[in-house]
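Here is the structure we will look at, set down as structure tokens.
Keep in mind that this is a model prediction, so the values were computed, not measured. Just the heavy atoms: all of them, side chains too, but no hydrogens, waters or symmetry mates, feed the values below. Naming: A, B, ... by sequence-line order, numbering from 1 per chain.
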Amino acid sequence: MIELENIEKIYRSEGVSTPVLKGVSFRVEAGEYVAVMGPSGSGKTTLMNILGCLDTPTGGRYLLDEIDMVKLDDDELSRVRNRKIGFVFQLFYLLERATTLKNVMLPLIYAEEYPADAEQRARNSLLEVGLGERMNYHPNTLSGGEQQRVAIARALINDPAIILADEPTGNLDSRSGIEVLSVFKRLHRQGRTIVVVTHDRFVAEHAGRIIQLKDGVVTEDKAVAEPRDPEAELQDPERREVAQ
Amino acid sequence: MRALGVAAEGLSALGARKLRAFFMMAGTIVGIAALVVIMAVGKGTERKVMKRVNNWGPRAIMLISGGGKDLPPPDMTVTTLTLEDADAVREEVDDLELVSPMVWKLYTTIKHEAAQLRSVVWGVEPNWHRAYDWYVSYGEGITAEDVATLSRVCLIGRTVREELFGEEDPLGKRIYLNNVGLVVKGVLEERGTSPGGGDFDNKLVLPITTAMRRVLNVDYLGAVRLITAKPSLLSRQAEDIRELIHNRHHITPPQEDDFRIITPLIIAGMARGISRTLYILLLVLACLSLIVGGVVMMNILLVSVGARTAEIGLRRSLGATRTDIFLQFLTESLSVTLLGMLLGCLLGWTVCLVLANTTQISLVLSWQPYAVSVVFALLIGTFFGVQPARLAARLHPVEALR
């Protein structure tokens, strides 16, 4: 599904070039739940921008569903983002002036054709993240965890190939964070492909596989023997301590 | 469909911040309202001017005795304008359809039996009827024979008829003017009042020869009314006449003229009241207000692009293209100016109604200011909206989400 081959990203400003990614290669298969881990400055945000087609690499190949993203222009990348990628950001990025339902429907505006069942799809999306009751609320009346779940519902509405989450729990208290992680777990069980970018080992250990990034190269890439179970953590506060 | 969705996003951003939206459209509201009012006043003025010129006669030049710049009546104490002058004009100025000399006597007592009235007396030639397009509604007009024979006849206006004759039939009755008895041979068509408030129908018209030799005992004219055959030459003809009379009266500027020439152009200038320059200045001010409003709107939008980078980044990440973002912000600016225009039109229209009901200013409400307003709103919305919209569209999604 995702195939990165020797991805390089060099930032140039005023004659100084700063290499951020120095040849990153890995594959993510459909249905995988992968965490990309690394300290700040490791290039993980840049990697996630490239994975999310928000940015283009300066070298290498990035195949998403067998199409080389490096060759696409800005409009085509926009279309890919709309159809294949569901973003979940650390800061949620919900429009305060719109209701939960409208927020979830937002990506549909940029679809090639506005679906006739847009509202129904948004309702289903919200049901999927357990927010069926909150459809006509405005984001600022929701808790942080609920807001992030709205963002996940928004990411789901176009039935994306991958869900790309950038520090999805970074702005949440530990309980809300685990609630969000449990949503990811459920989506993973339904067969969705999820890539979570984080600096937090506790968060990463919920995934089935951890890719370690350091100074722009992959230093480690291995399966998690026993992924953490957010459901159990919600039951047992002891297990949550690690998250602090 | 997609464009509509994007446009709706632009609108909703506007609705979410109503005070900000109001500030953005304030300049447009004031500018458009001013434009509507000024154009209504301008159009009202033009209509007034047209009416005055038509009353005057769009092809008529008046050569009037006495200097200065006033409209008729002539200064009958000035005795230098003569029948010979009129003949010279007739002979030497080309393309004149009519030359109609006249003597005037203002507010002279005329009597019929016990009744009397102070009336304006005109001594005219037969072509006077055509020169003023003023005929008898009853009876007969002045004929060449009347003039040739100094016949003691006259025509009267409606006011004279009412005051001196009441219900009586005036035809064949005698009116006394300076002890000369004049037989009424016709009643003139009604003309109503002049813009200055004078009564056109308080008039007694008699053959010019009768007036000069029998009644008033003068050998000079009050005025000559000339009708041009070629309106495009009118101004030049007026100048030719001025030169001719200068020569005949031995006047060399800067010596003061002992006559004046009134053309439809002068009438229009007097009727206009507010000058064309002032009118144009006001229009320019209204346009300036629109432009200033546009600049204010642009700055608020520029700030708003800065404040909404995260939103722009989010939309880009959800699949919005640069064009989508551009259109969203352009929709915002266009809705500001279009809504501002609607409110401005409403305000302008209200001001016009108030002015029309409380002042003497002549106003004409028409569709043109509204059409101009739509064009202005679109132009300003686009012109001042493009820059912020481009700024928003150019944002790199990664930068915007940072």
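- Under the 3.5 Å distance criterion, with hydrogens and angles disregarded, a donor-acceptor pair is assigned to the side chains of B/D324 and B/T321.
- For A/R97, the part lying under 4.5 angstrom from a heavy atom of chain B is the side chain only.
- Most heavy-atom pairs under 4.5 Å with chain A: of the set B/A16, B/P397, B/S12, B/A310, this distinction falls to B/S12.
- With a threshold of 4.5 angstrom between heavy atoms, B/Q328 approaches chain A through side-chain atoms but not through N, CA, C or O.
- When heavy atoms are compared at a cutoff of 4.5 Å, B/A13 approaches chain A by way of both its backbone and its side chain.
- Looking at A/R154, the atoms closer than 4.5 Å to chain B (heavy atoms on both sides) all sit in the side chain, from C-beta outward.
- Paired with A/K9 under the rule side chain to side chain donor-acceptor pair (under 3.5 Å), one option of A/T56, A/T18, A/D55 passes, and it is A/D55.
- Using a 4.5 Å cut-off between heavy atoms, A/L54 contacts chain B through both its backbone and its side chain.
- When only modelled atom types and interatomic distance are considered, A/S125 and A/E128 share no side-chain donor-acceptor pair under 3.5 Å.
- A cation-pi contact, defined as under 6.0 Å to the ring centre and within 45° of the axis, is absent between B/K18 and B/F22.
- Interface remark: A/F87 contributes side-chain atoms only to the contact with chain B (heavy atom separation under 4.5 Å).
- At a 4.5 Å heavy-atom cutoff, A/A155 makes no contact with chain B through either its backbone or its side chain.
- Looking at B/R308 and B/E332, a side-chain N of the basic residue comes within less than 4.0 Å of a carboxylate O on the acidic one, giving a salt bridge.
- Between the side chains of A/D75 and A/S78, no donor N or O sits under 3.5 Å from an acceptor N or O.
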